[in-house]
Amino acid sequence: FVLVPGDVVANLQLAPLLAAHKARREADREAVLTTVMKRIPPGHRSRRAGEEMLVALSGETGRLLLYEDASMRRADGKLRLPSTLLQETDKLQL
């Protein structure tokens with residue numbers, strides 16, 4: 001099945017996404033979800049006010065390693081990343 005939040009409007013071809021998911025699932029039985037994300041600049045009209053998500057992907061596989069609210073930063077503006085992220089991959093995309 002395909003899960004789409006109610007506030008999403010998109011024009012994309014699902015067939016290549018489904019084919020990529022099936023291929024990934026064949027290679028890795030634990031690959032149960034394929035997510036489509038698009039980077040949207042701050043202040044864009046389609047973005048919720050104050051929404052700031054931190055997404056970390058494995059550079060080798062593209063596997064989603066972290067998805068959390070980045071607006072909960074420390075007072076000095078820095079984020080703390082779990083050290084386990086670096087144990088799972090040699091390349092990390094934020």
Side-chain angles (χ1 to χ4, degrees):
F1 68 91
V2 176
L3 176 65
V4 181
D7 60 349
V8 171
V9 177
N11 182 11
L12 64 128
Q13 297 294 319
L14 290 178
L17 297 171
L18 293 172
H21 173 76
K22 287 178 182 178
R24 199 168 15 262
R25 180 87 169 132
E26 283 292 319
D28 179 0
R29 295 302 295 168
E30 292 185 12
V32 296
L33 174 73
T34 297
T35 303
V36 178
M37 295 183 190
K38 177 164 177 52
R39 186 181 305 244
I40 300 174
H44 191 274
R45 61 184 166 81
S46 66
R47 198 166 165 170
R48 287 183 229 139
E51 181 180 56
E52 198 173 349
M53 300 306 293
L54 176 62
V55 178
L57 304 172
S58 165
E60 292 94 0
T61 64
R63 182 179 286 233
L64 182 65
L65 302 174
L66 179 76
Y67 182 84
E68 67 179 41
D69 187 355
S71 64
M72 305 303 287
R73 282 186 226 157
R74 296 181 355 190
D76 60 6
K78 295 181 181 179
L79 289 169
R80 288 190 181 262
L81 296 175
S83 61
T84 55
L85 288 179
L86 300 175
Q87 295 170 351
E88 294 187 39
T89 184
D90 290 334
K91 297 178 183 177
L92 189 64
Q93 298 178 28
L94 296 176

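Sequential numbering from 1 along the given sequence is applied to the chain's residues. Computation of the quantities below employed the complete heavy-atom set of this structure, encompassing side-chain atoms and omitting hydrogens, waters and symmetry-equivalent molecules.
Across E30, R24, E26, a single residue satisfies side-chain contact (heavy atoms from CB on, under 4.5 Å) together with D28, and that is E30.
Proximity of L57 to L64: side-chain heavy atoms (C-beta onward) are separated by under 4.5 Å at one or more points.
Grouping the Ile, Leu, Val, Met, Phe, Trp and Tyr side chains by contacts below 4.5 angstrom, directly or via other members, places L85 with L54.
Across every non-hydrogen atom of S58 and L65, the tightest pair is N-CD1, 3.7 Å. Counting all heavy atoms, side chain and backbone alike, R39 lies closest to L94 at NH2-O, 4.4 Å.
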Which side-chain N or O atoms in residues 13-23 pair as donor and acceptor under 3.5 Å with protein atoms at least two apart or in another chain?
{"unit_1": "H21", "atom_1": "ND1", "unit_2": "T34", "atom_2": "OG1", "d": "2.5"}

